[in-house]
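What follows is a single structure, written as structure tokens, with notes after it.
Letters go in sequence order (proteins before strands), and every chain restarts at 1.
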2 protein chains.
Amino acid sequence: MSSGEAGPDFRPLYAQVQDLLIERLASGHWRAGDLLPAEPRLAEEFGVSQGTVRKALDRLADRNLVVRRQGKGTYVASYTPERALFHFFHLVGDDGGRELPASRLVSRRCGRAGRAEQQRLGLASGDQVVRIVRVRSLHACPVLSERIAVPRDLFPGLDTLPEAGLPNTLYALYETAYGISVMHAEERLKAVSADAEDAAHLGVAEGAPLLEVDRVALSHEQRAVEWRVSRCDTRRHHYLSLLD
Amino acid sequence: MSSGEAGPDFRPLYAQVQDLLIERLASGHWRAGDLLPAEPRLAEEFGVSQGTVRKALDRLADRNLVVRRQGKGTYVASYTPERALFHFFHLVGDDGGRELPASRLVSRRCGRAGRAEQQRLGLASGDQVVRIVRVRSLHACPVLSERIAVPRDLFPGLDTLPEAGLPNTLYALYETAYGISVMHAEERLKAVSADAEDAAHLGVAEGAPLLEVDRVALSHEQRAVEWRVSRCDTRRHHYLSLLD
DNA sequence: CAGTGGTCTAGACCACTTA
DNA sequence: AAGTGGTCTAGACCACTGA
């Protein structure tokens, strides 16, 4: 661990420690929910002071990669309903009510990735994907029509898993069954007209305006692990975006 | 400044310092762009160590309330085109191109706040608002139809300001002319059908799907200072939302 | 009780800016 | 050269947790 040089590629010690920790998180050396070594151990291992390790861990906590608990220790962040609801699900009732929607599976097949899937998921032509279509409801009212595509390589057996094994929050399954944690996502929103299938799924008229959310989910730092296009009936709900 | 008590309403010293600093920022004691006293001065004034002041300032910097410049000092954050573009303007070309749109003023009037305006801006019945309607273009193509309402009390003279004095980025005007800094915003997105006015402004068919962005802008911490509803043609653009 | 993270302090050295 | 924020260290004490 070096801190003295003033070269153009200088990184502070705490940033180097942070990088090493992220590497271990991404490589699966530690898995979701695991307890990390205590600060003094990490400090000793990396040959830096506890304060430097602390700063690195604090920054990881700010980015939701780890969770700190006083008196207990520092844990690898894991997928929680709370996080699902407030961080990854932005559709909110116009009355302000937040709720995770129930899911009904419509279809699940695998096939060769199309051009859009290759582009969004960073796949090569010929790579296989698993496609899932489902309809999600809030208060028993269908509001979301979702088309999901994931690389088959990353999720072996996902296409043959019994339907009962598909949870409402897929990201929890990705994490527990495949060790893949969704940490970030990029959403692109557009207004579109409902096609015949949307209309059937959501009980709206063909041509009705729908909010289309095109999301690419990313694992620790970069790898695209899921592409999801959701079409939302926003007559009684809205997408909430906070600019801080 | 007290740190010893372990009562239920205990706040760390750095948080108390942070609160005091925010108070001064919000009260106009320091204005946008001002240079804050150096860390040792603040430490002396508040009777805490420099490290504690540093932590408070670092957290304010994380929240974009101040800007730190090595060798120069700590400045009150001010509105910049960069911040406008990346923080407050989320409409992006489908090709990834980002650009601040040009504005064309359609109308500007003042009047008594309606129920929705009272609710969104926290006004009492009878309070006056200034209403602005404008159309905004990217690459000379109209894509945004905006209806803006602000409390007249907060912005005296805004309704009679010469039209040339209305800048493209209104928030810069709010800050420089009225000392009101927009720090946060809450946006609610829906898909709607273009009405006759939208169609005329944007050159789309009546009934075409538009993305409606309903934004309330907030000053230092809480006060609603502007309500803005934008209707966007998203055929060649999308609203970008990053979940980190 | 021992071990954990949370807070606060003090001091050293560095890099950057301005004069 | 002096002043600023940036980094790193060391040590003290606290609050919380679980055996």
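- Atom-to-atom, CD of A:E39 to P of D:dA10 comes out at 15 Å; the value is rounded to the nearest Å.
- Taking atom CG on B:L35 and atom P on D:dG3, their separation rounds to 15 Å, with Å as the unit.
- Counting to the nearest Å, the C1' atom of D:dC8 and the CD atom of A:Q50 are 13 Å from each other.
- Look at CG on A:D58: it is 9 Å from C1' on C:dG5, rounded to the nearest Å.
- Each of A:T52 and B:R69 has a nearest nucleotide on DNA chain D; the 5'-most of these lies closest to B:R69.
- Within 6.0 Å of CZ on A:R98 lie more than 12 heavy atoms contributed by other residues, nucleotides or ligands.
- The side chain of B:T74 places no N or O atom within less than 4.0 Å of a non-bridging phosphate oxygen (OP1 or OP2) of D:dT4.
- Between the CG atom of B:L60 and the P atom of D:dG5 there is a distance of 13 Å, rounded to whole Å.
- The B:S49 side chain lies nearest to C:dT9 when the options are C:dT9, C:dG5, C:dT4.
- With distances taken from any side-chain atom of B:R68 to the nucleotides D:dG6, C:dG6, D:dG3, the minimum falls on D:dG6.
- The number of heavy atoms from other shown groups lying within 6.0 Å of CD (A:E45) is above 12.
- For A:Q70, taking side-chain heavy atoms from C-beta onward, the closest of the listed nucleotides D:dT7, D:dA10, D:dC16 is D:dC16.
- For the pair B:R11 CZ and C:dC8 C1', the interatomic distance rounds to 16 Å; values are reported in whole Å.
- In this structure, the NZ atom of B:K55 is 13 Å from the C1' atom of C:dT9, given to the nearest Å.
- For C:dT7, the OP1/OP2 oxygens have a side-chain nitrogen or oxygen of B:Y14 closer than 4.0 Å.
- Distance B:L13 CG to C:dA10 P: 12 Å, rounded to the nearest Å.
- The closest side-chain heavy-atom distance from A:V213 to A:C232 is below 4.5 Å.
- Using a 4.5 Å heavy-atom cutoff, the side chains of B:L57 and B:L36 are in contact.
- Closest approach to the B:K72 side chain among C:dT17, D:dT17, D:dT9 is made by C:dT17 (side chain taken as heavy atoms from C-beta onward).
- Listed nucleotides: D:dG5, C:dT7, C:dG6. Nearest to the side chain of B:R54: D:dG5.
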Decide yes or no on side-chain contact (heavy atoms from CB on, under 4.5 Å) for B:Q18 and B:L60, but give the supporting numbers first. CA-CA 7 Å; B:Q18 192 179 320; B:L60 292 179; 3.6 Å; yes
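- When the nucleotides C:dG5, D:dC8, C:dT9 are ranked by their closest atom to the side chain of A:P12, D:dC8 comes out on top.
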